[in-house]
There are 2 protein chains.
Amino acid sequence: MSNLADRIEEYLKKVLGQAEEGYIILQRGFLADTFSCAPSQINYVLTTRFTAERGYLVESRRGGGGYLRIVRLGLDPEGKFQRLMAELIGDELSQDRANNLIERLEEEEIFTKREAILIKSIFADRILDEIVPSPEILRARMMKEILANMCRDDINI
Amino acid sequence: MSNLADRIEEYLKKVLGQAEEGYIILQRGFLADTFSCAPSQINYVLTTRFTAERGYLVESRRGGGGYLRIVRLGLDPEGKFQRLMAELIGDELSQDRANNLIERLEEEEIFTKREAILIKSIFADRILDEIVPSPEILRARMMKEILANMCRDDINI
DNA sequence: TTTTCTATTGACCATCACTGACTTTGTGAC
DNA sequence: GTCACAAAGTCAGTGATGGTCAATAGAAAA
């Protein structure tokens, strides 16, 4: 039932659909004015509708000349990333499981060899154990974030 | 976007890019006149955009005949990683400093664009704050580990 | 009806850009 | 040396953004 949040979502997706670059840049205050609502309503829409799981990334900057940048992620045909991300939500990832996953993704050419080495190196227990109370949760969280960013339309492998 | 500070930054980088010697010399007052702004705005741009992490060095002189000298620092081939680790990373690394450093290393072609995005994404406060007691220590640790691995001979950019 | 989930707002916070008043330092004339 | 002038430096204050969170309202489900 077209409530405000739904209408803002629809509007943003329409504008995003027309953007050739795969992203749009706009101001929170402008949007809030356009829809005559509280600025924080925009944050609500962004955090509930434009998440990585749904295929979007949001970046922003505060201060004078601040902005919101909404990026549409290139979705792989099989929705493989989405499934992976869903699996990783709230989940834990051991060093072994992480290594297996990363190697698999390297074979599938989702990651380059360098990227695989990079990720594995920082996921090592040797690095995390002393500093992080629950390394397994951090790995899952980071892995999800990496997957989301690797689907970005504005970069190429 | 495109606020004053960004435009001044862009202008200085353009001029610097055309300078054969790797540095430029100019006057603060002249710049301020050119952009019709307060002279202190120039200092703002210099201290926020032309930092060591981003690979710049700024020298100046007051009084009659005063000037600003902006130097683009290269990475010396000998022991560049060691120097970076020692001087720029240290034991703690904030998100801002990390971003500056990563972007600089991307410009120096030590990281690809994808690698830079990958690292920046997992270094975000948004990711680390909830899970890690001292994100700054973890970033420093990870950044050093990444640099050590990216310098391996068996992988190439 | 009662409960639970979703939407909306407003008060307060954090960050970034920019300015102006005041300070410090270098140069040159005397 | 001293003075006047001509740079650049510093810093606190202001305004323009976006962010967060708790409280409330509304809608849907039980």
Side-chain angles (χ1 to χ4, degrees), chain A residues 1-13 23-54 56-71, chain B residues 1-12 23-54 56-71 94-100 103 120 123-130 135-136:
Chain A
M1 292 256 263
S2 94
N3 54 25
L4 225 197
D6 289 340
R7 278 187 288 126
I8 296 175
E9 175 187 9
E10 191 182 356
Y11 169 81
L12 288 175
K13 287 186 175 168
Y23 66 87
I24 52 176
I25 290 181
L26 33 73
Q27 292 198 305
R28 190 180 73 151
F30 167 79
L31 258 185
D33 279 350
T34 304
F35 288 91
S36 304
C37 64
S40 52
Q41 174 72 357
I42 307 303
N43 297 80
Y44 176 72
V45 174
L46 292 178
T47 52
T48 55
R49 269 81 163 170
F50 292 83
T51 61
E53 292 90 335
R54 296 190 183 209
Y56 300 91
L57 286 181
V58 179
E59 296 164 355
S60 66
R61 186 162 148 186
R62 304 186 190 191
Y67 60 85
L68 300 172
R69 179 162 176 266
I70 307 176
V71 184
Chain B
M1 205 194 335
S2 148
N3 50 30
L4 225 198
D6 289 339
R7 278 186 286 126
I8 296 174
E9 175 188 9
E10 192 180 356
Y11 169 81
L12 289 174
Y23 66 84
I24 52 177
I25 291 182
L26 34 71
Q27 291 199 305
R28 189 180 73 152
F30 168 77
L31 255 187
D33 279 350
T34 305
F35 287 93
S36 304
C37 65
S40 52
Q41 174 71 358
I42 306 304
N43 297 80
Y44 175 72
V45 174
L46 293 177
T47 52
T48 55
R49 268 79 164 170
F50 292 84
T51 61
E53 286 129 24
R54 294 190 182 203
Y56 299 92
L57 179 65
V58 179
E59 296 166 352
S60 65
R61 202 160 147 190
R62 307 184 189 195
Y67 61 85
L68 300 172
R69 178 162 175 264
I70 306 176
V71 186
S94 71
Q95 180 179 355
D96 276 351
R97 282 188 53 224
N99 283 163
N100 288 336
E103 273 161 34
K120 281 192 279 187
F123 275 10
D125 283 331
R126 177 170 56 82
I127 305 292
L128 303 182
D129 278 353
E130 295 168 27
E136 313 227 327

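Chain letters run A, B, ... following the sequence lines, proteins first and then strands; every chain starts at 1.
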*Asks:* In whole Å, what is the span from the CG atom of A:Leu31 to the P atom of C:dT9?
*Replies:*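 Whole-Å distance recorded here is 14 Å.
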*Asks:* Please tell me if the side chains of B:Leu12 and B:Ile24 come closer than 4.5 Å, counting only heavy atoms from C-beta onward.
*Replies:*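 In contact.
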*Asks:* Please tell me which of the listed nucleotides, D:dA7, C:dT8, C:dC18, lies nearest to the side chain of B:Gln27?
*Replies:*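 Of D:dA7, C:dT8, C:dC18, D:dA7 is nearest to the side chain of B:Gln27.
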*Asks:* B:Asp125 has an atom CG; how far is it from atom C1' of C:dA14, in whole Å?
*Replies:*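 So the CG-C1' distance, B:Asp125 to C:dA14, works out to 12 Å.
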*Asks:* Could you check which residues of residues 33-53 of chain B get a heavy atom under 4.0 Å from DNA chain D? Sort them by number, please.
*Replies:*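 Going residue by residue through residues 33-53 of chain B, the ones with a heavy atom under 4.0 Å of DNA chain D turn out to be B:Ser40, B:Asn43.
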*Asks:* Tell me whether the side-chain N/O atoms of A:Arg61 come closer than 4.0 Å to OP1 or OP2 in C:dA17.
*Replies:*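 Yes, because at least one side-chain N or O of A:Arg61 sits under 4.0 Å from OP1 or OP2 of C:dA17.
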*Asks:* Whole angstroms only, please: what is the CZ-C1' distance between B:Phe30 and D:dA8?
*Replies:*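 From B:Phe30 CZ to D:dA8 C1': 16 Å.
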*Asks:* If the threshold is 4.0 Å, N to carboxylate O, is there a salt bridge linking B:Lys120 and B:Glu103?
*Replies:*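 Here B:Lys120 pairs with B:Glu103 in a salt bridge, since their nearest N and O are under 4.0 Å apart.
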*Asks:* Can you say whether a donor on the side chain of A:Arg28 sits under 3.5 Å from an acceptor on the base of D:dG18, or the other way round?
*Replies:*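 When only heavy-atom distances are counted, A:Arg28 does reach the base of D:dG18 through a donor-acceptor pair under 3.5 Å.
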*Asks:* Nearest whole Å is fine: how far is C:dT25 P from B:Leu68 CG?
*Replies:*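 So the CG-P distance, B:Leu68 to C:dT25, works out to 17 Å.
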*Asks:* Considering all heavy atoms of both residues, which atom of B:Phe50 and which atom of B:Val58 are nearest to each other, and what is their separation?
*Replies:*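 Shortest heavy-atom contact: O-CG2, 3.9 Å.
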*Asks:* Taking the side chain as every heavy atom from C-beta outward, state whether A:Leu68 and A:Gln27 have any pair of such atoms under 4.5 Å apart.
*Replies:*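 A side-chain contact under 4.5 Å is absent here.
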*Asks:* Rounded to the nearest angstrom, tell me the gap between atom CD1 in B:Ile25 and atom P in D:dA7.
*Replies:*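 From B:Ile25 CD1 to D:dA7 P: 15 Å.
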*Asks:* Once salt bridge (charged side-chain N to carboxylate O under 4.0 Å, His left out) is applied, do any residues pair with B:Glu9, and if so which ones, sequence neighbours excluded?
*Replies:*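 Once residues adjacent in sequence are excluded, the partners of B:Glu9 under the salt bridge (charged side-chain N to carboxylate O under 4.0 Å, His left out) criterion are B:Lys13, B:Arg49, B:Arg54.
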*Asks:* I need the CD-P distance between A:Glu59 and D:dG19, as an integer number of Å.
*Replies:*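 Taking atom P of D:dG19 as the reference, CD of A:Glu59 is at 12 Å.
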*Asks:* Could you tell me whether A:Arg61 and B:Asp6 have a side-chain N and a carboxylate O separated by less than 4.0 Å?
*Replies:*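 Salt bridge: yes.
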*Asks:* Is the CD atom of A:Glu10 crowded by more than 12 outside heavy atoms at less than 6.0 Å?
*Replies:*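 Counting neighbours around CD of A:Glu10, 12 or fewer heavy atoms of other residues, nucleotides or ligands fall under 6.0 Å, so no.
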*Asks:* Give the rounded distance in Å between these two atoms: OH of A:Tyr67 and P of C:dT15.
*Replies:*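 Value for this atom pair: 16 Å.
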*Asks:* Starting from C1' on C:dT25, measure out to CZ on B:Arg62 and report it in whole angstrom.
*Replies:*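 From B:Arg62 CZ to C:dT25 C1': 5 Å.
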